[in-house]
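Input: a single structure, listed below in structure tokens.
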Amino acid sequence: MARKIGSRYTVHQVIGRGSAGTVWLGEGPDGPVAVKLLREDLAADQVLVGRFVQERAALTSLDHPRVVGVRDMVVDGSDLALVMELVQGTDLRSRLERDGAVPPQSAASIIADVADGLAAAHAAGIVHRDVKPENVLLDLSAAPGPGGAPRAKLTDFGVARLVDAPRRTRATRIIGTPDYLAPEIIEGLEPRAAVDIYALATVLYELLAGFTPFGGGHTGAVLRRHVTEQVPPIPGLPDGLWRIIAECLAKAPASRLRAAELAARLREQLPALAGLPVLAVPQQGRAPAEEQLTPAEAVYAEVDAAPGTHKRRRGPAVPLVPGVAPDSTRDTHTSLRRPSAHELASYAAESRAQRTAPGAAHRRDRQALLRRRRVLAVLLAVVLLLAGAAAAWTAFAATAPDAGSGSRPATVSTAPRAP
Ligand SMILES: Nc1ncnc2c1ncn2[C@@H]1O[C@H](COP(=O)(O)OP(=O)(O)OP(=O)(O)O)[C@@H](O)[C@H]1O
């Protein structure tokens with residue numbers, strides 16, 4: 001069923017769904033396009049419509065072969081739509097779901113492409129803020145890159161910004177996808193370009209290992225790991241590639257590589273990675289959600305949907321266009337309560353305790369017990385000594401010559417008497 005979007009575009013078929021809207025295959029004056037129709041509740045939000053109009057110039061002027069171009073932005077009655085370049089292919093999430101992990105050379109090549117796109121965006125002052133496999137499209141119509149890797153393009157620029165909470169709410173809420181959130185976002189800082197580098201390095205890790213470094217279990221646990229834990233190594237990964245990942249997952253944003261450096265460093269690695277098979281990385285044994293909660297994480301157990309966002313979900317998405325059945329089952333943008341500094345500190349303390357091996361924890365408890373016992377023994381000895389001294393004093397006072405003078409201490413009897 002064809003549908004008109006503004007005066008210039010017609011859409012006929014749904015090609016995908018996300019948390020912010022539905023993507024349609026469409027037709028414009030210059031040929032085929034992809035049209036992302038934002039959800040009705042977002043389209044009805046006047047603040048968001050204002051931002052949409054404001055962002056139009058920045059988003060439509062971002063023109064780079066590794067970025068999915070935004071051709072137009074349409075505000076038409078109740079429709080709010082981004083008209084994009086149509087990419088013939090698939091997205092990286094679908095590829096991961098199909099193949100699991102990716103050979104190291106292909107992974108590095110795909111991520112170098114995305115880093116090129118990010119470098120262009122960052123140079124134009126645009127931070128993506130939601131880099132994840134869903135937002136990387138593989139252009140299967142283009143000639144493949146090194147080792148037959150498909151060419152990648154980053155999409156969904158600006159959408160996280162459009163649906164973001166205003167500054168005053170940002171102090172208490174986070175919008176993003178938990179597995180890819182940089183620690184400084186969780187700590188409440190303004191997201192800058194380095195958050196995209198952190199997210200992209202997380203995607204690289206995921207391509208190589210088949211899972212994200214800090215994901216799994218309850219959202220509170222995921223946030224805590226981003227802030228407090230070191231990235232788990234990937235067995236068998238060549239050192240050069242590992243160093244790049246570790247640098248880009250640094251907790252301090254200033255220590256991370258810039259996007260252009262990341263692309264260049266990855267390309268330097270490509271020859272050495274040629275022919276390496278997919279790494280056999282054992283899946284991390286993260287326990288299912290509730291079992292994994294530490295007491296502090298249990299305090300931080302809220303994952304809820306702010307207006308305009310979806311719950312973190314495993315079920316189908318809310319239908320976005322009347323009459324169209326939901327088909328998205330992905331975890332995607334989530335609005336989260338930002339953990340307080342106290343909660344983060346508790347996560348850190350518990351995390352340190354959890355990292356200690358069970359044998360070491362047992363030894364540590366036993367040493368604490370012995371210390372407590374020693375302190376008690378010293379206290380008891382002091383009490384007994386004082387009691388003995390008091391008893392001796394009483395006995396001495398009772399035998400002294402002026403014992404009958406009552407409460408006056410015996411020493412007084414030796415003091416010079418008043419004339
Ligand atoms: N320009 C495009 N060309 C071709 N297909 C596209 C294009 N943009 C998006 N798609 C397809 O539509 C799907 C949904 O895209 P969308 O950006 O709405 O959601 P998402 O990125 O999966 O999730 P979210 O918006 O919640 O981050 C994509 O995964 C992709 O398969």
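Order of appearance sets the numbers: ligands from 1, and atoms from 1 within every ligand.
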What atoms in ligand 1 come closer than 4.0 Å to a heavy atom of A34? 1 (N), 2 (C), 3 (N)

Numbered atoms of ligand 1 (with element) below 4.0 Å of M84, judged on heavy atoms: 1 (N), 8 (N)

Which part of K132 is near ligand 1, with near meaning a heavy atom under 4.0 Å away: side chain, backbone, both or neither? side chain

Identity of the nearest option to atom 10 (N) of ligand 1, non-hydrogen atoms only, from V136, V23, T177, T22: V23

Ligand-residue contact atoms, ligand 1 with E85, heavy atoms, under 4.0 Å: 1 (N), 2 (C), 3 (N)

Flag the pair R256 and E261 as a salt bridge only when some basic side-chain nitrogen lies within less than 4.0 angstrom of an acidic carboxylate oxygen. no

Looking only at heavy atoms, what is the nearest atom pair of F214 and P232, with distance? CE2-CD, 4.3 Å

Residue V68 vicinity, atoms of ligand 1 by number, heavy atom under 4.0 Å: 1 (N)

Should D156 and R129 count as an ion pair when the cut-off is N to O under 4.0 Å? no

So which of T177, D179, T212, T202 actually passes side-chain hydrogen bond (donor to acceptor under 3.5 Å, both in side chains) with K132? T177

Just jot down the ligand 1 atoms closer than 4.0 angstrom to any heavy atom of D156, in number order. 17 (O), 21 (O), 25 (O), 27 (O)

Closest candidate by heavy atom, reference atom 7 (C) of ligand 1, pool V35, L82, L137, T155: L137

Check whether any side-chain heavy atom of L80 sits under 4.5 Å from a side-chain heavy atom of L48, and report yes or no. yes

Are any of the side-chain heavy atoms of V231 and W242 separated by less than 4.5 Å? yes

K36 contact mode with ligand 1 (heavy-atom cut-off under 4.0 Å): side chain

Quick check on contacts: which atoms of ligand 1 are under 4.0 angstrom from a heavy atom of V87? 3 (N), 4 (C)

Salt-bridge criterion met for D41 and R39 (N-O under 4.0 Å): yes

Which of the numbered atoms in ligand 1 are below 4.0 angstrom from a heavy atom of I15? 4 (C), 5 (N)

Can you list the atoms of ligand 1 that are under 4.0 Å from a heavy atom of D130? 27 (O)

Which residue pairs pass the side chain to side chain donor-acceptor pair (under 3.5 Å) test with at least one member in residues 66-75, sequence neighbours excluded? Y9-D72

